[in-house]
Amino acid sequence: MIESLKSQLEDWKYGRGIIKDFINHLEDSDLDKLFPRENLNTIRKQCEELIQIQGCYLEALKTKKINFDYEPIADVSNTSLLEKMDALDFELQKELEKFNGTETIDWGEKWNIHRHISAMIGHEQMHIGQIVAFCYSVKIKIPDIVVKKMALDG
């Protein structure tokens, strides 16, 4: 894999690791506690959406065109969410091996592969920020591992 995409993949893994830490270290009651948001109003629902959107980004690597159509996820148990994330991450790494850095993805305009991956990372990071803010607002104790990784106030 070219060095620039390898670096972006490492950035991706950092954020994805934080999402997995929330799933692995929170009780179901915290993963399903309601946030003050109309739709993606639990950590679990946000994780489900992250999987769906990553699937869209991954499919665009194959088709060279982004499309945000996706199906609901039937099983959103912790184990299933983690397995789906692992499978998508494995496939992402495999697909990125095929790129030389000059490829483009059609977003209505041509985006370089790096911009496409940056957008995927940015989307994940935005949700991490929302999850952290919601944890503070609804009194979910942020897992110590996340506090340490992100240098947060527990």
Side-chain angles (χ1 to χ4, degrees), residues 4-62 65-96 105-109 111-154:
S4 54
L5 287 173
K6 191 181 295 185
S7 294
Q8 285 188 294
L9 185 60
E10 289 306 311
D11 286 344
W12 170 258
K13 288 178 181 179
Y14 167 77
R16 179 46 58 92
I18 290 170
I19 293 293
K20 288 178 173 181
D21 288 335
F22 276 107
I23 296 169
N24 280 318
H25 297 281
L26 289 178
E27 298 293 325
D28 283 343
S29 59
D30 286 332
L31 290 172
D32 297 319
K33 191 170 187 178
L34 292 177
F35 294 159
R37 181 178 171 171
E38 196 166 316
N39 291 312
L40 303 173
N41 59 351
T42 68
I43 294 172
R44 188 178 311 281
K45 286 181 184 176
Q46 293 219 356
C47 292
E48 179 181 2
E49 195 258 359
L50 287 170
I51 290 167
Q52 292 164 321
I53 295 300
Q54 183 186 5
C56 296
Y57 277 89
L58 187 55
E59 186 63 22
L61 294 178
K62 299 171 188 175
K65 182 173 175 57
I66 192 70
N67 182 344
F68 289 108
D69 290 333
Y70 51 81
E71 299 295 320
I73 298 174
D75 181 0
V76 293
S77 66
N78 297 9
T79 301
S80 178
L81 291 173
L82 292 167
E83 287 173 353
K84 285 174 178 42
M85 288 178 179
D86 286 343
L88 285 168
D89 289 348
F90 177 80
E91 193 175 348
L92 174 66
Q93 185 162 341
K94 194 171 100 178
E95 283 300 314
L96 288 177
I105 307 294
D106 182 357
W107 276 75
E109 61 181 278
W111 283 20
N112 176 275
I113 183 62
H114 294 93
R115 184 177 180 192
H116 177 75
I117 298 301
S118 289
M120 185 180 76
I121 294 166
H123 177 257
E124 189 102 349
Q125 293 292 335
M126 179 270 300
H127 279 282
I128 292 168
Q130 282 186 8
I131 291 168
V132 167
F134 288 143
C135 284
Y136 286 132
S137 73
V138 299
K139 309 288 191 258
I140 294 172
K141 183 183 180 319
I142 298 170
D144 290 338
I145 191 167
V146 174
V147 169
K148 184 177 178 181
K149 281 183 183 178
M150 296 184 70
L152 299 172
D153 296 331

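Between W111 and W107, the ring-plane angle classifies as parallel under the 30° and 60° cut-offs.
No side-chain heavy atom of D106 sits less than 4.5 Å from a side-chain heavy atom of I66. Contact annotation: the side chain of I128 approaches that of I19 to within less than 4.5 Å [non-hydrogen atoms, C-beta and beyond]. Under the 4.5 Å side-chain criterion, counting only non-hydrogen atoms from C-beta, Q52 is not in contact with C56. The shortest distance between side-chain heavy atoms of N24 and I145 does not fall below 4.5 Å. Within the 4.5 Å cutoff, side-chain heavy atoms of I23 are placed close to those of M85. Side-chain contact between V132 and F22 is present, with at least one heavy-atom pair separated by less than 4.5 Å.
Atoms CD1 and CD1, on I117 and I113 in that order, are 4.5 Å from each other to the nearest 0.5 Å. Rounding to the nearest 0.5 angstrom, the gap separating the CZ atom in R16 from the CG atom in L88 is 7.0 Å. To the nearest 0.5 Å, atom OH of residue Y14 and atom CD of residue E124 are 12.0 Å apart. Interatomic distance, CD1 of I142 versus CD1 of I131, reported as 10.5 Å (0.5 Å rounding). Atoms CG and NZ, on D30 and K139 in that order, are 13.0 Å from each other to the nearest 0.5 Å. Note that CG of D28 and CD1 of I43 are 11.0 Å apart. Values are rounded to the nearest 0.5 Å.
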Stepwise side-chain contact (heavy atoms from CB on, under 4.5 Å) test for E49 and Y70: CA-CA 10 Å; E49 195 258 359; Y70 51 81; 4.3 Å; yes
Test side-chain contact (heavy atoms from CB on, under 4.5 Å) applied to H123 and M126, step by step: CA-CA 5 Å; H123 177 257; M126 179 270 300; 4.0 Å; yes
Check against side-chain contact (heavy atoms from CB on, under 4.5 Å), L92 and M120: CA-CA 11 Å; L92 174 66; M120 185 180 76; 3.5 Å; yes
Worked check of side-chain contact (heavy atoms from CB on, under 4.5 Å) between W12 and D89: CA-CA 9 Å; W12 170 258; D89 289 348; 3.0 Å; yes
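Using modelled atom types and a 3.5 Å distance limit, the side chains of K33 and S29 yield no donor-acceptor pair.
At least one donor-acceptor pair under 3.5 Å links the side chain of Y136 to the backbone N or O of D153. S118 places a side-chain N or O within 3.5 Å of a backbone atom of H114 that can act as its donor or acceptor partner. Using modelled atom types, no side-chain atom of H127 and backbone atom of C47 make a donor-acceptor pair closer than 3.5 Å. Under a 3.5 Å cut-off, the side chain of S137 and the backbone N or O of F134 do form a donor-acceptor pair. Between the side chain of E95 and the main chain of L58, no donor-acceptor pair closer than 3.5 Å is present.
For CD of E71, the number of neighbouring non-hydrogen atoms (other residues, nucleotides, ligands) closer than 6.0 Å is 12 at most. A 6.0 Å sphere centred on NZ of K149 holds more than 12 heavy atoms belonging to other residues, nucleotides or ligands.
Between I51 and I73, the closest heavy-atom pair is CG2-CD1, 3.6 Å. Contact record, L40 with F35: O-CD1, 4.3 Å, taken as the closest heavy-atom pair. Closest non-hydrogen pair, H25 versus P143, comes out as CB-CB, 3.7 Å. The minimum heavy-atom distance between V138 and P36, with the atom names listed, is CG1-CD, 3.9 Å.
A salt bridge links E10 and K13; the closest N-O separation between the charged side-chain nitrogens and carboxylate oxygens is under 4.0 Å. Of the charged side-chain nitrogens involved, at least one lies within less than 4.0 Å of a carboxylate oxygen, so that D86 and K20 count as a salt-bridged pair.
When each of E38, R44, K45 is checked for a side chain to side chain donor-acceptor pair (under 3.5 Å) with N41, only K45 meets the rule.
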